[in-house]
> 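Below is a structure I'd like to ask you about.
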Amino acid sequence: MATPEFRLYNTLTRRVEPFAPADGETVRLYTCGPTVYNPAHLGNFRTFLFEDLLRRTLRLRGWKVKQVMNLTDVDDKIIKRAQEQGKRISEITEPITEIFFRDLEYLRIEPAEVYPRATEHIPEMIALVQSLLEREIAYQAEDGSVYFAIARFPGYGKLSRLDTRSIRAGARVAADDYNKEDVRDFALWKAAKEEDEAAGAAWDSPWGRGRPGWHLECSAMARKHLGDTLDIHCGGVDLVFPHHEDEIAQSEGATGVEFSRVWCHGEFLLTEGAKMAKRVGNVTNVDGLREAGISTSAFRHFVFSTHYRKQLNLTEVALEASVSAVRRVDEFADRLYATRGGTAALAVAADELEQDATAALFDDLNAPEAMGALFTFIRKANAELDAGGKGDGELERARNAFGAINKVLEIAPIKRLPGEVSMSPQELIADEETAFDRGVRDWAEERVAARRAARERRDFATSDAIRKELESRGIEIKDTASGTQWKKVR
RNA sequence: GGCGCCGUGGCCAAGUGGUAAGGCGGCAGACUGCAAAUCUGCUACUCGUCAGUUCGAUUCUGACCGGCGCCUCCA
């Protein structure tokens, strides 16, 4: 099978264009990470899931990926929170960082290769500011802050295509900004205030005590871990301006070479038609998802059901549709791995799945279309499994194709063949959480056995009464060929 | 005001200059003591409105209507 061309939309050119890593082997990927002052909300995770899809698709194509995701552990919001609680910033950021990693794991987002923290890269940031000062595209203000001079960087605005002249004259200007030469200039280094010192958010620099500006960390950390030119830089659309525009200005101003060859931005997650944001108060986070009984697979399905460059509306019905859809995938996966043999048509369907889903994914990460191919395969394969073929090779082909595509989307747990029984820590946790108390379990087992006895003597009245009794305690049963299964539903 | 995106069946959502993937739901059938679950089949003469280009447009162009995002620290 010929490998389809890999194409990505590049915000820089506003076009879908062919992509390959510069060295032909490893994709150097930088993804803007969270500011760790609050647990990330589902909107953040839509972006991280899009980036997860990207890295998995890059790997499906056969490339290696070196992904760097920064953790912003010093910024205004963190300092404000630390101040409110009389804490140092690390006391705020450390527990939140732990929650972040736990949430990533819950959503089965593949870990990045490096998670650099801003506070651990102060020397690199200072060095970057110094080279900008040497090149005279940055200047020091009276209070010790250092600003980037937009007017002295000709390429400014190439990513966002915002006409800087049209920025509204009446736009608010923060109180500490009166030192700027031009309102549009942004801070590279902020002179320390008392509250910064108190929160442990100030460092020595050639310009006195201070702390880094927001945009600076990404430029410095990307450069340190991935080199001067990245293959791909990702983030949410809201970062296009000013964050990414400013990163480009800083990095290219300092190095003189292109900062990132390709820029990819994921669209917003909306809640009932409006942008999801912490300040709006319509936040739902990963804990909310768990409480609502939305599985990881269901949420991934929900996110991948819309192309990453289109806004996605989070609604209860949409989530529930995904819960149902994913149940079918799961049933099918169980069946595929438990069955004995396949037919010739099954192998054909498997080839189609792999071809269609791969082509869709390589065409600017068209996950909705890839899922369409997956569901088409499931329908065809179910019919073929009903036909009961004997071919081991055909079955193997089906498992491989399904496994390969599911390895990218992961809307069903990754199946292991007999012998591969290792469970991830996450699965063990999930198991623990769905387990019931011993007492309830023993009682349920006993009742199910009593019902089985009743059914054997065709005493269906007793059988139905026991079912009702179980249901009243929140236990649902279903009779299958291999016996009666039961599970707690509430 | 500037920049940009979107409007496809009851709901969600791909897509192409040549006549509409997929999911959810619904309906029917198979299975079942019943139930649930599962599987199978069916479910858009039509793609916001009005013009235009074209042999032909949902797909291109224009206008209009409706929804949304960005325009300094929000993924």
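All values reported here derive from a predicted model rather than from experimental measurement. Naming convention: chains lettered A, B, ... in sequence-line order (proteins, then strands); numbering from 1 in each chain.
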> Please say whether the positively charged group of A:Arg399, taken as NZ for Lys or CZ for Arg, lies over the ring of A:Tyr337, i.e. under 6.0 angstrom from the six-membered ring centre and within 45 degrees of the axis.
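Yes - A:Arg399 lies over the ring of A:Tyr337, closer than 6.0 Å to its centre and within 45° of its axis.
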
> Can you spot which of A:Arg46, A:Lys407, A:Arg300 makes a salt bridge (Lys or Arg N to Asp or Glu O under 4.0 Å) with A:Asp52?
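Among A:Arg46, A:Lys407, A:Arg300, the one meeting salt bridge (Lys or Arg N to Asp or Glu O under 4.0 Å) with A:Asp52 is A:Arg300.
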
> Is the phosphate of B:G23 approached by A:Arg328 (side-chain N or O, under 4.0 Å from OP1 or OP2)?
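For B:G23, OP1/OP2 do have a side-chain N/O of A:Arg328 under 4.0 Å.
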
> Is the phosphate of B:C34 approached by A:Arg467 (side-chain N or O, under 4.0 Å from OP1 or OP2)?
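For A:Arg467, the contact criterion (side-chain N or O under 4.0 Å from OP1 or OP2 of B:C34) is not met.
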
> Going by the rule side-chain contact (heavy atoms from CB on, under 4.5 Å), which residues pair with A:Ala82 if we only count those two or more places apart in sequence or in a different chain?
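A:Ala82 satisfies side-chain contact (heavy atoms from CB on, under 4.5 Å) with A:Ile89, A:Ile92, A:Ala199 once adjacent residues are dropped.
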
> Counting heavy atoms from C-beta on, name the nucleotide in B:G22, B:C68, B:A75 closest to the side chain of A:Thr47.
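Between B:G22, B:C68, B:A75, the one nearest the side chain of A:Thr47 would be B:A75.
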
> Which residues pass the salt bridge (Lys or Arg N to Asp or Glu O under 4.0 Å) test with A:Glu5, not counting sequence neighbours?
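Salt bridge (Lys or Arg N to Asp or Glu O under 4.0 Å) list for A:Glu5, sorted by chain: empty.
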
> I need the full list of side chain to side chain donor-acceptor pair (under 3.5 Å) pairs touching residues 371-381 of chain A, with sequence neighbours left out, sorted by first then second residue.
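For residues 371-381 of chain A, and leaving out neighbouring residues, the side chain to side chain donor-acceptor pair (under 3.5 Å) pairs sorted by first residue read A:Glu352-A:Lys380.
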
> Compare the minimum distances between each of B:A14, B:C74, B:C24 and the side chain of A:His307, then state the nucleotide with the smallest one.
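The answer is B:A14, which lies nearest to the side chain.
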
> B:A21 and B:U54: how far apart are their C1' atoms, nearest whole angstrom?
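B:A21 and B:U54 have their C1' atoms separated by 27 Å.
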
> Does A:Asp464 reach a base, just sugar-phosphate, or nothing at all? Heavy atoms under 4.0 Å.
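Base contact.
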
> Does B:U72 have its OP1 or OP2 closer than 4.0 Å to a side-chain nitrogen or oxygen of A:Lys180?
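No, A:Lys180 has no side-chain N/O under 4.0 Å of OP1/OP2 on B:U72.
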
> Are any of A:Ser324's side-chain N or O atoms less than 4.0 Å away from OP1 or OP2 of B:G25?
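Answer yes for this pair, as a side-chain N or O of A:Ser324 is under 4.0 Å from OP1 or OP2.
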
> Is a donor-acceptor contact shorter than 3.5 angstrom present between the side chain of A:Arg455 and the base of B:G33?
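Side chain to base: pair present.
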
> Let me spell it out: for each of A:Asp75 and A:Ala373, pick the nucleotide of RNA chain B with the closest heavy atom. Which residue's pick is nearer the 5' end?
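Its nearest nucleotide being more 5', the pick is A:Ala373.
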
> What's A:Asp386 touching, base or sugar-phosphate or nothing? Going by heavy atoms closer than 4.0 Å.
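Sugar-phosphate only.
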
> Which dot-bracket string describes RNA chain B (Watson-Crick N1-N3 plus N6-O4 or O6-N4, or G-U N1-O2 and O6-N3, all under 3.5 Å; [ ] crossing; | other strand)?
(((((((..(((.....[...)))((((((.......))))))....(((((..]....))))))))))))....

> By ring-ring contact (aromatic ring centres under 6.0 Å, His included), which residues pair with A:Phe332, not counting sequence neighbours?
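Result, ring-ring contact (aromatic ring centres under 6.0 Å, His included) vs A:Phe332: A:Phe377, A:Phe402.
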
> Apply side-chain contact (heavy atoms from CB on, under 4.5 Å) to A:Val448 and list each qualifying residue two or more places apart in sequence or on a separate chain.
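A:Val448: side-chain contact (heavy atoms from CB on, under 4.5 Å) contacts with A:Leu470, A:Ile477, A:Thr484, A:Trp486.
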
> Among A:Asp143, A:Asp196, A:Asp76, whose salt bridge (Lys or Arg N to Asp or Glu O under 4.0 Å) with A:Lys190 holds?
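Single pass found, and it is A:Asp76.
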
> Taking the nucleotide of RNA chain B with the closest heavy atom to each, which residue, A:Pro34 or A:Pro368, is nearer the 5' end?
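Of the two residues, A:Pro368 wins.
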
> Remember a base hit wins even if backbone is also touched, and classify A:Gly235 as base, sugar-phosphate or nothing at under 4.0 Å, heavy atoms.
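Result for A:Gly235 = sugar-phosphate.
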
> Counting only side-chain nitrogens and oxygens, does A:Arg184 get under 4.0 Å of the OP1 or OP2 atom of B:C71?
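Negative; the distance criterion is not met.
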
> In a check of side-chain contact (heavy atoms from CB on, under 4.5 Å) between A:Phe186 and each of A:Phe148, A:Tyr147, A:Trp214, which one passes?
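Passing option: A:Phe148.
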
> What is the nucleic acid contact for A:Arg309, judged by heavy atoms within less than 4.0 Å: base, sugar-phosphate only, or nothing?
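Nothing, no nucleic acid heavy atom in range.
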
> Phosphate oxygens OP1/OP2 of B:A14: is one of them under 4.0 Å from a side-chain N or O of A:Lys310?
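Yes, such a contact exists.
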
> Report yes if a side-chain nitrogen or oxygen of A:Arg327 is closer than 4.0 Å to either non-bridging phosphate oxygen (OP1 or OP2) of B:U38; otherwise report no.
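Yes, such a contact exists.
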
> Looking at every strand, decide which applies to A:Glu331 at a 4.0 Å heavy-atom threshold: base, sugar-phosphate, or nothing.
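Since only primed, P, OP1 and OP2 atoms lie under 4.0 Å of A:Glu331, the category is sugar-phosphate.
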
> By the 4.0 Å heavy-atom rule, please label A:Ser160 as base, sugar-phosphate, or nothing.
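No contact at all - A:Ser160 keeps every heavy atom at 4.0 Å or more from the nucleic acid.
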
> Using the side-chain heavy atoms of A:Phe268, tell me which of these nucleotides is nearest: B:C70, B:G33, B:C73.
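Of the candidates, B:C70 comes closest.
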
> Tell me what A:Ala325 touches on the nucleic acid: a base, only sugar-phosphate, or nothing, going by heavy atoms under 4.0 Å.
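Sugar-phosphate: the residue A:Ala325, judged by heavy atoms under 4.0 Å, touches backbone atoms but no base.
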
> Could you state the atom-to-atom distance from CG of A:Leu239 to P of B:C71 in whole Å?
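Interatomic distance, CG of A:Leu239 to P of B:C71: 10 Å.
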
> State which of B:C74, B:C11, B:G69 makes the closest approach to the side chain of A:Val317.
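The closest nucleotide is B:C11.
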
> Can you measure A:Leu71 atom CG to B:A75 atom C1' for me and round it to whole angstrom units?
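Rounded to whole Å, this separation is 14 Å.
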
> As a test of reading the structure: which of B:C11, B:A75, B:C71 is closest to the side chain of A:Phe241, going by heavy atoms?
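Of B:C11, B:A75, B:C71, B:C71 is nearest to the side chain of A:Phe241.
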
> If only side-chain N and O atoms of A:Asn382 are considered, is one of them under 4.0 Å from the OP1 or OP2 phosphate oxygen of B:U38?
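Looking at the OP1 and OP2 atoms of B:U38, neither is under 4.0 Å from any side-chain N or O of A:Asn382.
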
> Kindly confirm whether the side-chain ring of A:Phe375 is stacked on the base of B:G22, judged by centres under 5.5 Å and planes under 30°.
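Given the distance and angle limits, no, they do not stack.
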
